[in-house]
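So the structure is just underneath, and the comments pick up after that.
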Amino acid sequence: MAKKKSKKRDRIDQVTGPSSTDITAKSKHKKKSKKRKSNNDPSSSKQQSSTSLAQLLKKHRGVAADTAPPPIWKDTRTNNSSSSFLTPKDNPQAFKECLQTSYAGFHYDKPEALPSSLHNMFDSSFGGMDKGGLFLYDVVQPGKKRLTRTSVTRCLVGDPGSTYKYLGLRLFSHPWTDVDNNANSIQHTITGSSLKKLGYSDKTTSALISMGCINSTLTKRSKAMLQEHVSINPVGSADYNLTLVNKMEATSTKKDLKQENVYGMGKTSVGWHRDSGLRDFSSIAVYFKVDTPSNESQPWGVALRAMDGGSGGVLNDVPPLVVPLPSGSLYYMLDDFNHNHEHAVIAGGGGIRYSSTHRVAREGAGTWQYIRDKVQSFLSTMEQFDMEKGIVKDSDSSTSDQSLRKRSEKKLISHVRAQQNLLTEIEFEWIRQFYVQGKRHASLHPYWHDPIKILTESFGELEEAASKLLNLLSSSQETIKDTSQVTEDLYDVLIEAYTERSRLRSMWTERYRDPIFDNIPKDEQPIPCPCLGKVEDTDEVVSKLRHWRSTFVDTSSDGPHEIKKKSKRKKKSKNGSLTKKESKSRSSNWEKLKATMK
Ligand SMILES: O=C(O)CCC(=O)C(=O)O
Ligand SMILES: [Fe+2]
């Protein structure tokens, strides 16, 4: 595994130099001119377009998981200070060198470098969100077991329909542009009127729309930073599609902050982490301000430490840093910085700190538009199937043409598999994720009322279709055989899907019961999902399905080779309640056991 990684890394280094982050504008110019000189290269006469160069670099860099770790800054100081981390106050020269060597990709704009209009917009946006009560604690599940409540309150703002999942919790965004009747973004005329129509107050609306405008400015600034410090043709995106806005309290007001005890940096508002769920090589821009900054001795700080990429651990040879930045600063984590480093927020002695963390979330499966279109496209295929009869409508279930029959059976199986996967995705990735965040969260997210309602209705439709099929499977096996296209594989698809839902439901039952919810306000406690009250008990369904499967296998069709096959089937029928996968793994376990006994 490690070998593979370093091999790939070598390959990447040949193209991009010793560190993938170090493709500076200068070195790229060199590469380009070298290429142009080569007469043997058929493309040498053509100037490569910037997009194709970016694509080429992207291809060679692969994914962020394969990038090289940051270069090690060697601490050559003789009188090493006792502290295990560096700050500019303790040792300005060492701090600067280390920052530039092992923390390339971290840059910042001091408040005076930013236009006052930007400060003002942030100010009123943070204020408006706070007034609107948008900041909530998140109850997350870091180790997939016990839940914890974040020490900061947050809200997500972004492209309409975007979500951001971290530590097992899906955050639903407030839109930062107007939306049309399909809940899509309207980019050209942004007045906020559609948000007010949804139910957002005037003040909250203007806070959200302001954040959308701010975001465009931050994208522009980040792109300039990328060009200056990373590459004239950056591979990664800075087209931020959402921001997670944090509100945090100082050590003087928030007593339960966790101590940073690896390096003794003090109390943290946000512990060591990398931002997850982001597009490879995408940048992050963070603006923050401290309200009523006091003269407390301890200022707020951003802590950084170097990591060996994806699953690699901390690079212990590189000293971590605490970067004290004044209120109103904007810092950037460019390109693969987030992948090769962790960051944390060291709480200051006083004030309330707001930060807006602009990111490029992987869009994939996490937007309303994605799940809406997926559901719609599935629902439109439903009329091709008769679930009461278990057949593909335009096919002849009594045909003797084996290949035609097989084709219909396969079509039915893949339809049922898609139906079951969709039921699971809607229930666990959307509906439960919304309702677990409570009543207050629901009332604060008017954009999501329609989407959640539509998903709930679609869930009901899919459940109804599934239960028609279950009804058929519970009827006499002769009826199934004679009139349907039901096969052993279809039972297996259903057994696997209901088993998985059963496992996930027990996890969610536990999650709802976690004692953490006992001590939080009633309107932040999970609310039962309205659509799940009447759904069937999945455990019961699985045991029925196994029983029906077994009978189905026992009474297999009376084909011409029936008699010959019968004795074989008799043996098989003992395991008729197991899916093919389970039988296979059982027999391979048995073979393994026999082999070890030998
Ligand atoms: O507030 C900050 O400076 C950073 C917050 C952060 O790391 C996060 O929200 O992921
Ligand atoms: Fe972060």
Side-chain angles (χ1 to χ4, degrees), residues 64 103 105-111 114 122 125-126 129-130 134-138 140 142 148-158 163-171 173 211 214-215 218 222 240-251 254 257-258 260 265-279 282-291 293 298-307 320-334 336-348 351-362:
Y103 295 89
F106 183 87
H107 295 272
Y108 52 85
D109 282 325
K110 287 262 177 83
L114 301 171
F122 264 120
S125 186
F126 289 147
M129 288 179 198
D130 206 8
L134 301 195
F135 292 104
L136 298 174
Y137 290 102
D138 289 337
V140 293
T148 52
R149 200 175 187 224
T150 51
S151 353
V152 302
T153 52
R154 349 183 93 143
C155 67
L156 187 71
V157 188
T163 70
Y164 183 62
K165 200 173 170 192
Y166 83 110
L167 302 175
L169 183 74
R170 184 176 299 285
L171 301 184
S173 71
M211 195 48 95
I214 288 169
N215 187 63
L218 262 49
S222 303
Y240 305 123
N241 48 21
L242 49 83
T243 174
L244 186 53
V245 187
N246 301 298
K247 180 186 172 192
M248 41 192 100
E249 285 169 55
T251 48
K254 186 102 183 142
L257 291 177
K258 283 198 187 85
E260 196 296 300
M265 291 172 169
K267 300 244 177 172
T268 54
S269 297
V270 183
W272 288 115
H273 71 286
R274 270 182 281 229
D275 291 354
S276 59
L278 306 185
R279 227 188 284 155
S282 65
S283 296
I284 300 165
V286 183
Y287 176 92
F288 71 89
K289 66 163 265 206
V290 183
D291 251 1
Q298 201 206 330
W300 290 82
V302 178
L304 307 171
R305 65 176 175 184
M307 308 290 290
L321 308 179
V322 173
V323 191
L325 292 170
S327 167
S329 299
L330 171 60
Y331 68 85
Y332 307 83
M333 296 187 270
L334 302 178
D336 65 357
F337 184 89
N338 177 59
H339 192 78
N340 284 326
H341 298 84
E342 284 190 342
H343 56 282
V345 178
I346 309 299
I352 289 178
R353 182 180 183 274
Y354 292 92
S355 68
S356 185
T357 66
H358 299 248
R359 318 156 187 230
V360 189
R362 265 186 248 125

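Note that these values count all heavy atoms, side chains included, but never hydrogens, waters or copies made by symmetry. For this chain, numbers begin at 1 and follow the sequence in order. Numbering of ligands and ligand atoms starts at 1, following listing order.
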Please determine which of S327, S329, S269 meets the side-chain contact (heavy atoms from CB on, under 4.5 Å) test together with W300. S269
Would you say [X]'s side chain and [Y]'s backbone share a donor-acceptor pair under 3.5 angstrom?
| X | Y | value |
| --- | --- | --- |
| R279 | R362 | no |
| N215 | G158 | no |
| N338 | D275 | yes |
| S276 | Y166 | no |

Which ligand 1 atoms are under 4.0 Å away from a heavy-atom of [X]?
| X | answer |
| --- | --- |
| V286 | 2 (C), 3 (O) |
| R154 | 8 (C), 9 (O) |
| R359 | 8 (C), 9 (O), 10 (O) |
| T357 | 5 (C), 9 (O) |
| Y331 | 2 (C), 3 (O), 4 (C) |
| M248 | 1 (O) |
| H343 | 7 (O) |
| S355 | 1 (O), 2 (C) |

Just to the nearest 10 degrees, tell me the angle at the Fe ion (ligand 2) spanned by D275 OD1 and H343 NE2. 100°
Take atom CZ in F135; do more than 12 heavy atoms of anything else shown fall under 6.0 Å from it?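 For F135, atom CZ is crowded (more than 12 foreign heavy atoms under 6.0 Å).
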Ring geometry between F122 and H358 (parallel below 30°, tilted from 30 to 60°, perpendicular above 60°):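 The rings of H358 and F122 stand perpendicular, inter-plane angle above 60°.
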For atom 9 (O) of ligand 1, what's the nearest protein heavy atom and its distance? N246 ND2, 2.9 Å
